[in-house]
Amino acid sequence: MRLFDTYSRGLVELPPLPGPIRMYFCGPTVYQRIHIGNARPFVLSMWMKRWLEQSGYDVRLAENITDINDKIYRAAPGASAELAAAASRWYVEDTDLLGLGRPDHEPKATETIPEIVELIGKLVDGGLAYPAGGDVYFRVAAFPEYGRLSGREGDHKALHNPSEEAEREELKQDPRDFALWKAHKEGEDTVWESPWGPGRPGWHIECSAMAEKFLGPVFEIHGGGNDLVFPHHENELAQSRGAGSEFARIWMHNGMLELTGEKMSKSLGNIVPLRDAVEEWGRETILLFFLTAHWRKPIHLSDAVLAQARAQAETFRNYFVGLEHEPEEPERDELARVLDDDFNTPDALALFHDWRTRGRTASLLWGLALFGLGSLAEAASAPADLVALAEKRSKARASRDFDEADRLRGAIEEQGWEVRDVADGFELVPK
RNA sequence: GGCGCCGUGGCCGAGAGGUUAGGCAGAGGCCUGCAAAGCCUCGUACACCAGUUCGAAUCUGGUCGGCGCCUCCA
């Protein structure tokens with residue numbers, strides 16, 4: 001399998017079976033319910049995990065939850081820990097709605113403080129970081145590779161990491177330097193001890209620490225939204241390599257989900273909560289919506305596009321209505337051909353339709369289930385009173401009383417079900 | 001302004017130097033008591049302008065347009 005890697009800007013081959021494939025994906029900062037755009041890397045990572053495992057790889061996926069952040073302090077003054085804990089639960093709840101399973105590890109920053117402090121200490125000892133005014137900063141000048149990942153190597157202006165406050169900026173030796181540890185400030189209601197004084201970790205260092213803690217000093221894939229390339233991932237890479245770890249070998253950055261021509265983001269306020277979208281459209285529609293676009297491209301959210309995804313869900317669902325099939329081997333190679341080529345899910349979807357029209361039930365069932373869409377094959381059973389109505393309608397039809405038959409069909413439809421006449425009787429399907 | 005991604009038929013969206021992608025919507029037909037579902041048929045698209053080539057939507061240059069990052073952000 002090969003994947004497009006941001007660092008080398010080309011396709012990179014995965015190691016041979018059985019791996020291991022160790023993956024780290026950046027999860028959300030938790031201070032409110034996640035939106036559907038936040039779900040994209042989650043969905044991508046779980047699909048990748050499922051496909052790689054299906055392919056025979058030994059996979060380990062870690063996906064962090066950032067529960068220390070300015071946004072959290074600001075959103076819940078005096079109760080940031082409570083908000084972060086609640087929002088972490090919401091995140092798990094909401095992503096569980098997708099039915100894709102969980103990553104192997106979902107570490108939180110607050111549970112990784114000793115490792116973070118240790119990593120910062122290592123960087124300070126190695127001359128790659130320096131304490132200043134209770135903060136600790138990464139010394140970018142000591143890491144020549146800085147800017148390589150984001151393609152802005154040498155451009156000092158583009159590599160500037162501004163401090164939150166002007167007076168903090170003066171503590172830095174170089175505008176590019178960024179905080180690894182931030183001294184405790186008035187109004188922040190969580191604080192941890194460190195050799196440099198009380199405070200809390202910077203954003204980037206937590207990922208470096210968590211990745212190493214759960215995956216080791218080198219791992220195969222690092223993923224996240226492409227809005228994280230700079231500064232977040234650039235800084236992670238600098239910290240971890242600066243501390244002597246090889247770190248990630250392939251960088252997978254997914255495209256943004258856009259609403260009305262703009263990236264959906266919590267700070268812009270143009271958000272559709274994942275939970276609401278799943279409730280309104282159903283989980284299969286949301287998954288199919290993600291499946292229609294290649295992971296690297298931007299994807300536009302609109303009712304029209306969701307309606308198309310829902311129509312596809314119906315098409316698959318209809319295929320399975322009343323279907324019996326012989327167990328047979330899925331045509332794995334056909335799916336591998338498209339997924340092993342940069343995980344081309346739109347091509348996979350085309351293949352599923354091909355399998356559908358050619359009646360390859362076993363393959364279709366297997367392929368859909370891989371992406372969490374196996375439920376499309378599950379027939380809902382109608383309540384007994386509706387079955388009785390449908391039977392009554394069959395009798396009416398048999399005696400050619402079509403007015404009565406149509407009346408009964410209307411009654412069934414009023415209850416949200418549709419009756420279809422088939423060769424040996426009828427089928428009841430939800431509308 | 002700098003760095004990067006992208007512009008495909010009504011809509012979504014792969015692909016890729018010469019051969020039907022696929023889906024959704026739409027039209028006609030078959031089937032049906034009528035429907036639904038299903039099946040068959042129908043679209044000759046690749047932003048624009050130059051260039052390379054026997055041949056480009058696919059390569060090169062430019063133009064226009066969209067998006068992301070450069071501030072927290074999946």
Side-chain angles (χ1 to χ4, degrees), chain A residues 4 6 9 25-29 31 34-45 63 66 69-72 74 147 150-164 203 223-234 253-258 261-268 271 274 288-289 291-294 296-300 302 304-312 314-319 321-322 338 341-342 344-354 356-357 396-398 400-403 405-406 409-410 413 418-423 426-427 429 431:
Chain A
F4 187 89
T6 306
R9 295 182 203 298
F25 268 69
C26 280
T29 298
Y31 59 98
I34 64 157
H35 60 69
I36 182 169
N38 292 313
R40 199 172 189 192
F42 176 84
V43 170
L44 175 64
S45 66
E63 205 151 330
T66 295
N69 184 281
D70 288 327
K71 294 255 167 161
I72 305 172
R74 242 173 280 144
S150 57
R152 48 190 90 191
E153 220 172 352
D155 184 346
H156 281 227
K157 213 177 148 200
L159 291 172
H160 184 197
N161 277 297
S163 294
E164 286 145 28
W203 177 35
N226 67 11
D227 54 348
L228 296 182
V229 177
F230 188 87
H232 188 51
H233 288 165
E234 193 73 69
H253 288 110
N254 62 269
M256 292 294 99
L257 185 144
E258 296 167 10
E262 274 178 320
K263 161 175 125 168
M264 180 177 293
S265 86
K266 288 182 261 192
S267 39
L268 289 172
I271 64 166
L274 173 64
L288 245 359
F289 162 70
L291 202 64
T292 56
H294 184 97
R296 222 149 17 92
K297 291 208 170 182
I299 182 168
H300 297 264
S302 69
V305 164
L306 287 169
Q308 288 185 19
R310 186 170 58 190
Q312 296 205 52
E314 282 314 301
T315 301
F316 285 120
R317 206 174 258 127
N318 282 331
Y319 173 79
V321 171
V338 295
D341 184 13
D342 203 22
N344 193 331
T345 59
D347 246 359
L349 181 58
L351 177 62
F352 294 164
H353 281 292
D354 180 56
R356 177 179 59 78
T357 37
R397 289 183 69 227
R400 305 195 63 80
D401 182 356
F402 296 122
D403 287 344
D406 290 347
R409 173 161 58 202
E413 278 174 5
E418 179 182 295
V419 64
R420 294 177 186 167
D421 297 321
V422 294
F426 61 84
E427 297 281 358
V429 294
K431 282 198 86 160

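Here is how names work: the chains are called A, B, and so on, in the same order as the sequence lines, proteins then strands, and each is numbered from 1. Keep in mind that the numbers below use all heavy atoms, side chains included, and drop hydrogens, waters and symmetry copies.
Between Thr29(A) and rA74(B) there is a side-chain polar atom (N or O) within less than 4.0 angstrom of OP1 or OP2.
Side-chain proximity of Arg152(A) to rC70(B), rA74(B), rA21(B): nearest is rC70(B). The side chain of Glu258(A) lies closest to rC67(B), out of rA74(B), rC67(B), rG22(B). Listed nucleotides rG68(B), rA74(B), rC70(B) differ in distance to Pro231(A); the shortest reach to its side chain belongs to rC70(B). With rG68(B), rA74(B), rC72(B) as the candidates, the nucleotide lying closest to the side chain of Asn69(A) is rC72(B). Here the nucleotide nearest the side chain of Ala311(A), chosen from rC70(B), rA74(B), rA25(B), is rA25(B).
Using a 4.0 Å heavy-atom criterion, one finds that Lys263(A) contacts the bases of the nucleic acid, with or without backbone contacts as well. Contacts of Gly37(A) with the nucleic acid, taken as non-hydrogen atoms under 4.0 Å apart, include base atoms. Nucleic acid contact class of Gly255(A) (heavy atoms, under 4.0 Å, all strands): base. Residue contacts shown for Leu349(A) are absent, as no nucleic acid heavy atom lies under 4.0 Å away. Residue contacts shown for His160(A) are limited to sugar-phosphate atoms, with no base heavy atom under 4.0 Å away. Using a 4.0 Å heavy-atom distance criterion, Asn344(A) is classed as a sugar-phosphate-only contact. Asn226(A) comes within 4.0 angstrom of the backbone, heavy atoms only, and of no base. Within the 4.0 angstrom heavy-atom criterion, no nucleotide atom of any strand lies near Val321(A).
One interatomic measurement links the two molecules: NE2 of His253(A) to P of rA74(B), which rounds to 13 Å at whole-angstrom precision. Rounded to an integer number of Å, the gap from Phe289(A) CZ to rC24(B) P is 17 Å. We find that CG of Asp227(A) is positioned 16 Å from C1' of rC3(B), with the value rounded to whole Å. Summarising the geometry, the separation between NE2 on His156(A) and C1' on rG2(B) is reported as 14 Å, rounded to the nearest angstrom. One interatomic measurement links the two molecules: CG of Asn254(A) to P of rC67(B), which rounds to 19 Å at whole-angstrom precision. Between Leu291(A) atom CG and rA14(B) atom C1' the separation is 12 Å, expressed in whole Å. One interatomic measurement links the two molecules: NZ of Lys431(A) to C1' of rA35(B), which rounds to 10 Å at whole-angstrom precision. The distance from atom CZ of Arg310(A) to atom C1' of rA25(B) is 14 Å, rounded to the nearest whole Å.
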Sort me out a list of protein N/O and nucleotides 37-43 of chain B N/O pairs below 3.5 Å, or just none if empty.
from    : atom 1 : to        : atom 2 : distance (Å)
rA37(B) : O3'    : Asn318(A) : ND2    : 3.3

Pairwise N/O distances under 3.5 Å, protein to nucleotides 7-13 of chain B:
from    : atom 1 : to        : atom 2 : distance (Å)
rC11(B) : O2'    : Gln308(A) : NE2    : 3.2
rC11(B) : O2     : Gln308(A) : OE1    : 3.4
rC11(B) : O2     : Gln308(A) : NE2    : 3.0
rC12(B) : O4'    : Gln308(A) : OE1    : 3.4
rG13(B) : O3'    : Thr292(A) : O      : 3.4

Nucleotides 31-34 of chain B: which of its N/O atoms have a protein N/O under 3.5 Å away?
from    : atom 1 : to        : atom 2 : distance (Å)
rG33(B) : N7     : Arg397(A) : NE     : 3.4
rG33(B) : N7     : Arg397(A) : NH2    : 3.4
rG33(B) : O6     : Arg393(A) : NH2    : 3.2
rG33(B) : O6     : Arg397(A) : NE     : 3.3
rG33(B) : N1     : Asp406(A) : OD1    : 3.0
rG33(B) : N2     : Asp406(A) : OD1    : 3.4
rG33(B) : N2     : Asp406(A) : OD2    : 2.7
rC34(B) : O2     : Arg409(A) : NH2    : 2.5
rC34(B) : N3     : Arg409(A) : NH1    : 3.2
rC34(B) : N3     : Arg409(A) : NH2    : 3.3
rC34(B) : N4     : Asp421(A) : OD2    : 2.8

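rA57(B) and rA45(B) have their P atoms separated by 10 Å, with the value rounded to a whole Å. When the P atom is compared between rU44(B) and rA21(B), the two are found 12 Å apart, to the nearest whole Å. rU71(B) and rG66(B) are spaced 23 Å apart, taking the P atom of each and rounding to whole Å. When the C1' atom is used for both rA56(B) and rA47(B), the distance is 15 Å, rounded to whole Å. Comparing the P positions of rG7(B) and rC48(B) gives an interatomic distance of 13 Å, to the nearest angstrom. Using atom C1' as the reference point in both rG10(B) and rA25(B), the two lie 8 Å apart (nearest Å). One C1' atom belongs to rG13(B), the other to rU8(B), and the distance between them is 9 Å to the nearest Å. Straight-line distance between the C1' atoms of rG55(B) and rG28(B): roughly 37 Å, to the nearest whole Å.
For the ring-ring contact (aromatic ring centres under 6.0 Å, His included) test, no residue two or more places apart in sequence or in another chain qualifies with His35(A). Asp421(A) meets the salt bridge (Lys or Arg N to Asp or Glu O under 4.0 Å) test with Arg393(A), Arg397(A); sequence neighbours excluded.
Proximity of a side-chain donor or acceptor of Arg409(A) to a complementary backbone N or O of Val419(A) within less than 3.5 Å is not detected. In this structure a side-chain-to-backbone donor-acceptor pair under 3.5 Å is missing from Asp342(A) to Asn344(A). No side-chain donor-acceptor contact under 3.5 Å links Lys263(A) to the backbone of Asp227(A). Put simply, the side chain of Glu234(A) gets close to the backbone of Gly147(A): a donor and an acceptor are under 3.5 Å apart. Asn318(A) contributes a side-chain N or O that, together with a main-chain N or O of Glu314(A), makes up a donor-acceptor pair within less than 3.5 Å. Thr345(A) places a side-chain N or O within donor-acceptor distance of the main-chain N or O of Leu291(A), the cut-off being under 3.5 Å.
With the 3.5 Å cutoff on both pairing distances, Watson-Crick and G-U pairs in RNA chain B assemble into runs of at least 3 at B:1-7 with B:64-70, B:10-12 with B:22-24, B:26-30 with B:38-42, B:47-51 with B:59-63.
Minimum interatomic distance between Phe289(A) and Ala309(A) (heavy atoms only, all atoms of both residues): N-CB, 3.9 Å. Here the closest heavy-atom approach between residue Phe230(A) and residue Ser150(A) is recorded as CD1-OG, 3.7 Å. Of all the heavy atoms in Leu228(A) and Cys26(A), the pair that sits closest is CD1-CB, 3.7 Å. Considering every non-hydrogen atom in both Asn69(A) and Lys71(A), the closest pair reads OD1-N, 2.6 Å. Closest heavy-atom contact between Ala293(A) and Pro346(A): C-CG, 3.6 Å. The shortest non-hydrogen separation linking Leu288(A) to Leu349(A) is CD1-CD1, 3.9 Å.
Side-chain contact between Thr6(A) and Asn226(A): absent, with no pair of heavy atoms (C-beta onward) separated by less than 4.5 Å.
The environment of Arg9(A) atom CZ is dense: over 12 non-hydrogen atoms of other residues, nucleotides or ligands sit within 6.0 angstrom.
The nearest heavy atom of RNA chain B to Arg40(A) and to Phe230(A) marks one nucleotide each, and the one closer to the 5' end goes with Phe230(A).
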